[in-house]
Number of protein chains: 2
Amino acid sequence: MPRRTAPDSGQQPRLATIRDVAHHAGVSVATVSRILSGTYPSAPATRAKVMRAVRELDYVANAHARGLAGVRPKSVAIVVNSVVSPHYAHVAQGVHEEAAREGRLCIVGTTGGDPDRELAAIKLMRQEQAEAVILVGNIVADDAYRERMASYARALAQAGSQLVLCGRPPLGADVPAVVVEYDNTAGAHAITGHLLSAGHRRILFLGRRTGYTTPDSRIAGYRAALAEHRVPHDPDLEVDGTMERSEGHRMMRERLDRGPRDFTAVFAGNDLIAAGARDALRERGLRVPDDVSMAGFDDLPPAADIDLTTVHVPHEELGRTAVRLALRNDRPGAAQHVLLGTHIVVRDSVRRRPGV
Amino acid sequence: MPRRTAPDSGQQPRLATIRDVAHHAGVSVATVSRILSGTYPSAPATRAKVMRAVRELDYVANAHARGLAGVRPKSVAIVVNSVVSPHYAHVAQGVHEEAAREGRLCIVGTTGGDPDRELAAIKLMRQEQAEAVILVGNIVADDAYRERMASYARALAQAGSQLVLCGRPPLGADVPAVVVEYDNTAGAHAITGHLLSAGHRRILFLGRRTGYTTPDSRIAGYRAALAEHRVPHDPDLEVDGTMERSEGHRMMRERLDRGPRDFTAVFAGNDLIAAGARDALRERGLRVPDDVSMAGFDDLPPAADIDLTTVHVPHEELGRTAVRLALRNDRPGAAQHVLLGTHIVVRDSVRRRPGV
DNA sequence: CGCAGGAGTGTAAACGGTTTAACTCCCTTG
DNA sequence: CAAGGGAGTTAAACCGTTTACACTCCTGCG
């Protein structure tokens with residue numbers, strides 16, 4: 001027996017369907033579908049009738065029915081740690097822009113940095129049949145995790161969705177994923193060089209976090225620049241901490257508490273750390289750049305506010321590129337790797353070392 | 001003739017369906033569906049067979065088919081101006097949190113502040129059959145717009161989705177929308193009172209924008225506080241501008257260029273304006289709070305960075321409340337209005353007016 | 001022994017679209 | 001004048017689920 005048995009509770013909200021439109025216009029559903037999709041020829045008179053019915057009934061096609069009927073749902077999924085963090089927000093902005101331009105809608109999942117929640121989010125996106133699943137942000141480069149991620153990439157490819165890793169290293173050539181990165185190492189190398197050229201020799205690095213890809217590659221650039229300038233590398237100048245403002249504050253405070261200041265410049269793992277460190281310096285009566293030079297990484301909002309020389313990362317372009325590659329790439333399954341460049345933004349936070 | 005005629009191009013990606021699982025496990029699709037939904041009794045042996053098949057085929061249910069089959073799609077839509085703006089980002093964070101807790105996924109649309117794009121986004125969300133559509137942000141309180149919005153609210157209600165307005169004024173008692181606001185006027189009133197209590201009498205207001213609901217209600221609070229303290233209201237102290245950092249800079253620069261400084265304190269329409277204004281002051285050698293006292297509104301990232309006394313707005317709670325009300329509200333169609341409170345956060349940006 | 005009733009499963013009808021194949025006109029064309 | 005063909009339309013199959021209803025056992029009770 002048909003399910004729509006009960007006309008008792010007429011309260012059930014029911015949207016106009018394509019059948020209603022067809023009936024209203026006195027044509028068949030196929031005609032309505034064709035006219036609305038606009039891909040087939042139709043007589044102007046029929047067209048007018050149908051459009052009028054659509055308007056009068058306020059008809060919008062049910063996205064689920066359409067998706068089910070084989071039209072690939074026009075959606076892009078993005079999975080980030082958090083939507084408030086400027087880093088993710090700017091990449092997401094790029095994703096939204098490009099997705100909107102391409103007429104796709106965006107499904108957003110947040111993970112809070114938890115790998116399990118990340119995998120759960122991917123599964124959800126797979127159910128949704130998103131055209132592309134874009135993963136943003138750094139994560140532990142743990143082997144088991146990489147393996148799981150690779151298998152998800154394959155599952156997604158099989159389902160016809162493209163996995164995109166945005167701002168994290170590739171999983172391997174055999175894994176069907178597009179990778180859009182920016183060059184952390186080169187950026188860190190360049191800005192460390194900037195500090196070295198200003199005569200600084202003892203440069204404190206704030207925000208080491210071994211095992212995490214982003215800080216790892218930034219510190220690699222830092223070390224490479226030191227080596228190139230024949231400045232001895234002192235591991236004691238590398239301070240462990242995460243990439244938060246409060247951590248920057250803590251690291252600098254503890255450093256200053258420890259004994260006399262033994263550095264003339266600071267390279268913060270990102271702008272947030274720089275902002276926190278600057279606060280800690282000020283609490284001790286030290287000013288940037290008069291007493292201490294400072295550089296950051298990211299060029300996100302706090303940087304301009306505190307006049308910080310930093311490495312500009314093309315966050316939004318990262319997001320746009322991710323979408324573009326995912327959608328252009330008609331054959332999900334191909335691995336691809338794009339590396340975007342960075343550049344230094346000079347502001348008033350670095351002084352030439354006195355007496356050099 | 002069945003459509004799946006062509007076994008020629010076996011390249012077509014095809015996910016495992018419930019039929020595959022049923023076949024693999026040697027049971028009917030209904031049994032699989034029931035076991036997976038977990039709401040019907042089933043024999044342990046059957047259960048095990050099915051679960052094994054699911055695992056082996058890596059089956060995930062197609063969200064569209066499920067949505068179509070009557071299970072209301074578990075999704076919440078949020079429409080914002082931009083995802084990088086901290087204001088929207090924090091509200092969105094609250095929405096994401098609560099949606100995740102409720103097992104809903106989030107569809108995000110951005111408008112760039114364009115009413116047409118906003119309406120287009122709503123239409124898209126309606127197609128997606130989102131349970132709730134949450135609109136965040138202020139917008140021109142234009143009559144034609146309000147009328148269109150009201151009609152969308154009715155259309156959504158008819159489709160079984162709940163419209164939520166977050167941080168904007170209600171459309172009217174007869175419009176089926178939930179409104180979650182915070183009290184702009186009370187907050188502005190309180191913080192203006194704070195400046196007045198410190199002895200300030202000439203308080204510059206930056207960011208007037210007549211016709212826009214948020215700045216309008218903030219300036220209303222400012223004026224009310226002045227009146228209450230019997231301080232004459234000088235319209236010349238209200239400066240027009242939008243709520244951006246660059247605008248804050250411009251407004252203050254132009255003010256200082258105009259002639260001698262005729263105010264001792266500044267109440268910025270939001271923290272971004274405050275940050276920009278502070279920069280402009282510094283360029284003229286004026287410091288906050290030594291030379292000029294300053295207060296803002298919002299308590300978003302730039303505020304803590306620049307040590308700004310400001311009005312704390314419960315952004316994330318706004319988002320959480322929006323989702324909670326939308327989902328609890330089983331009968332979409334009821335209008336509802338919630339007003340969340342704000343409070344002052346005192347930092348180091350206000351000094352007692354010298355000589356008072 | 002007959003039968004009620006419950007547990008477990010299967011069958012098939014929806015859900016609301018898209019699309020293939022067929023069909024109807026109507027106009028050329030040989 | 002019959003055959004051919006294109007434009008416009010329709011009927012019906014199909015997408016992958018959920019679920020109402022039917023059916024089959026099996027148990028327990030009068």
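Model, not experiment: these values are computed from the prediction. Order of the sequence lines sets the chain letters (A, B, ...), proteins ahead of strands, with each chain counted from 1.
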From the list B/Thr17, B/Ile18, B/Thr46, side chain to side chain contact (heavy atoms under 4.5 Å, CB included) partner of B/Val32 resolves to B/Ile18

OP1 or OP2 of C/dT18 less than 4.0 angstrom from a side-chain nitrogen or oxygen of A/Ser33, does that happen here?
-> yes

Which whole-number value in Å describes the distance from B/Ile18 CD1 to D/dC15 C1'?
-> 14 Å

Test side-chain hydrogen bond (donor to acceptor under 3.5 Å, both in side chains) on A/His64 and B/Gln129 and set out the steps.
-> CA-CA 8 Å; A/His64 296 105; B/Gln129 318 253 89; 4.5 Å; no

Could you tell me the separation between the CZ atom of A/Arg66 and the C1' atom of C/dC15, rounded to a whole number of Å?
-> 16 Å

B/Ser33 OG to B/Arg66 CZ distance, which is reported to the nearest 0.5 Å | 8.0 Å

Distance check: side-chain N/O of B/Arg19 vs OP1/OP2 of D/dG16, anything under 4.0 Å?
-> no

Rounded to whole Å, the NE2-P distance (A/His23 to C/dG16) equals 16 Å

Separation of atom CG in B/Asp20 from atom C1' in D/dT17, rounded to whole Å = 13 Å

Chi angles and distances behind the side-chain hydrogen bond (donor to acceptor under 3.5 Å, both in side chains) call for A/Ser28, A/Thr31 = CA-CA 5 Å; A/Ser28 76; A/Thr31 302; 3.2 Å; yes

Taking the side chain from B/His24 and the backbone from B/Asp20, do they hold a donor-acceptor pair closer than 3.5 Å?
-> no

Would A/Arg148 and A/Asp116 pass as an ion pair if we require N to O under 4.0 Å?
-> yes

Sub-3.5 Å pairs of nitrogen or oxygen atoms, protein against nucleotides 6-9 of chain C:
residue : atom : partner : partner atom : Å
C/dT9   : OP1  : B/Thr46 : OG1          : 2.2
C/dT9   : OP2  : B/Ala43 : N            : 3.1

To the nearest angstrom, how far is A/Leu57 atom CG from C/dG17 atom C1'?
-> 16 Å

Any ion pair linking A/Glu181 and A/Arg168 (charged N to carboxylate O, less than 4.0 Å)?
-> no

Could you check how far NE2 of B/His24 sits from P of D/dG16, rounded to whole Å?
-> 18 Å

How long is the line joining CD of A/Gln129 and P of C/dG17, in whole Å?
-> 18 Å

If you measure from the Lys or Arg side-chain nitrogens to the Asp or Glu carboxylate oxygens, is any gap between A/Glu97 and A/Arg324 under 4.0 Å?
-> no

Just how far, in rounded Å, is C1' of C/dG16 from CG of A/Leu15?
-> 11 Å

B/Arg328/B/Glu102 salt bridge by N-O under 4.0 Å criterion | yes

For the side chain of A/Leu68, starting at C-beta, report the closest nucleotide among D/dT18, D/dG16, C/dG17.
-> D/dG16

For every nucleotide of nucleotides 22-28 of chain D, 5' to 3': is a protein heavy atom under 4.0 Å from its base (B), only from its sugar-phosphate (S), or from neither (-)?
-> -------

C/dG16 phosphate, OP1 or OP2, under 4.0 Å from A/Tyr59 side-chain N/O | no

Nucleotide nearest A/Ala30 when distance is taken to its side chain, options D/dA12, D/dT18, C/dG17 = D/dA12

